[in-house]
Amino acid sequence: MSDNPFADGIAYVDGEAVPVAEARLPLLDWGFLHSDATYDVAHVWQGRFFRLDDHIERFFAGMDALRLSIPYQRGELADLLCELVGRSGLRDAYVEMICTRGLPAPGSRDPRTCENRFYAFAVPFIWIADAEQQRRGLHLVISAQQRIPPGSVDPRVKNYHWLDMVQALFEAYERGGETAATVDGADNVVEGPGFNLFAVTAGRVATPARGVLEGITRRTVMELAEVQGHAVEARVLPAAEVRAADEVFVTSTAGGVMPVTRVDGERVGDGAPGPVTTALRDAYWALHADPAWTRAVDYR
Ligand SMILES: Cc1ncc(COP(=O)(O)O)c(C=O)c1O
């Protein structure tokens, strides 16, 4: 048993570190009442942050797009997150940074009167697919659920508009699946709850260009796939193409590269994780020991 009070997770609220189970936010924060917030999730693997600067860059771009701000520069935020994880002692961690609109002046509905708030937390690493699902591949359902259109909420700004995702998950469970992909209204696949999606056909690697969060794992995989000699295409990805693909996989900070071996109950390829997916997954995890891609956490 650890005597570190933060061993199960640590949160940073109102400038103070608290055990994550004790973290509270004000009920009237528009981040909660209106999903008026942006956030980012980075991870620590074997004591090292992966692509932390890229996550922070995306977080700042999201805040700019929503007219939100925090009282830290990029470098200060990186140091703060490293310190947070260091205090928790967590070697493998899921690390979330959040900026909310905050509370308006009493009686006001004017967002300009809000004081933006910053929260962060680190908890033990979270996997979208468990060990068994990663070994044999996930069973994915292409849901009828349309992802909120990019003209309403820009999916490139990481957001908490997840009602569509959660309904898609319920649909997937009812149809015998384990996770779900949402569509764009024209029967093209976009993204799922916390992940981007890829289809591999005849060695070509394709992922939706539009209507998705531009995932850091997605970007890493696109870079690795090129290095491994594949044509990589960000474009429209019809649901029919995903159903007929040789290989399908999903990507997320919460688990990296995860194979999909059934789509809508039918086998993908021969029903086992394919060679392109496996090579990309291995290359992705190999980067986690590389100082060029990672930053060591100081656990003293
Ligand atoms: C909606 C959505 N799409 C895609 C992703 C994958 O992005 P990343 O690889 O940066 O974790 C996430 C991550 O949580 C997400 O929430």
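Order of listing sets the numbers, starting from 1, for every ligand and every atom in it. Only this structure's heavy atoms are used, side chains among them; waters, hydrogens and symmetry mates stay out.
Between Trp45 and Trp285, the ring planes are tilted. Angles from 30° to 60° get that label.
A donor-acceptor contact shorter than 3.5 Å is absent between the side chain of Thr278 and the backbone of Pro275.
Heavy-atom minimum distance, Val183 versus Ala144: CG2-O, 4.0 Å. Across every non-hydrogen atom of Leu90 and Val123, the tightest pair is CD1-C, 3.6 Å.
The distance from ligand 1 to the heavy atoms of Trp162 drops below 4.0 Å at these ligand atoms: 16 (O). For ligand 1, the atoms closer than 4.0 angstrom to any heavy atom of Leu213 are 3 (N), 4 (C), 5 (C), 7 (O), 12 (C), 15 (C). In the vicinity of Arg58, heavy-atom distances shorter than 4.0 Å reach the ligand 1 atoms 10 (O). Atoms of ligand 1 found under 4.0 Å from any heavy atom of Thr253, numbered from 1 in the order shown, are 8 (P), 9 (O), 10 (O), 11 (O). In summary, the atoms of ligand 1 found under 4.0 Å from a heavy atom of Lys158, numbered by their order in the structure, are 12 (C), 13 (C), 14 (O), 15 (C), 16 (O).
If you check each of Arg156, Glu191, Met165 against atom 2 (C) of ligand 1, the one with the closest non-hydrogen atom is Glu191.
With respect to atom 9 (O) of ligand 1, the closest heavy atom belonging to the protein is Thr217 OG1, 2.6 Å. What sits closest to atom 6 (C) of ligand 1 on the protein, heavy atoms only, is Asn196 OD1, 3.6 Å. The protein non-hydrogen atom at the shortest distance from atom 7 (O) of ligand 1 is Gly215 CA, 3.4 Å. Looking from atom 15 (C) of ligand 1 to the surrounding protein, the closest heavy atom is Gly194 CA, 3.5 Å.
Annotation: side-chain contact (heavy atoms from CB on, under 4.5 Å) contacts of Arg48 (sequence neighbours excluded): Pro291, Thr294, Ala296. With sequence neighbours excluded, the residues that form a side-chain contact (heavy atoms from CB on, under 4.5 Å) with Asp264 are Val141, Ile142, Arg175, Arg243.
Contact between Val41 and ligand 1 is absent, with no heavy atom of the residue lying under 4.0 Å from the ligand.
Here His161 and His34 keep their ring centres 6.0 angstrom or further from each other.
Shown are Asp29, Asp36, Asp110; of these, the salt bridge (Lys or Arg N to Asp or Glu O under 4.0 Å) with Arg101 is made only by Asp36.
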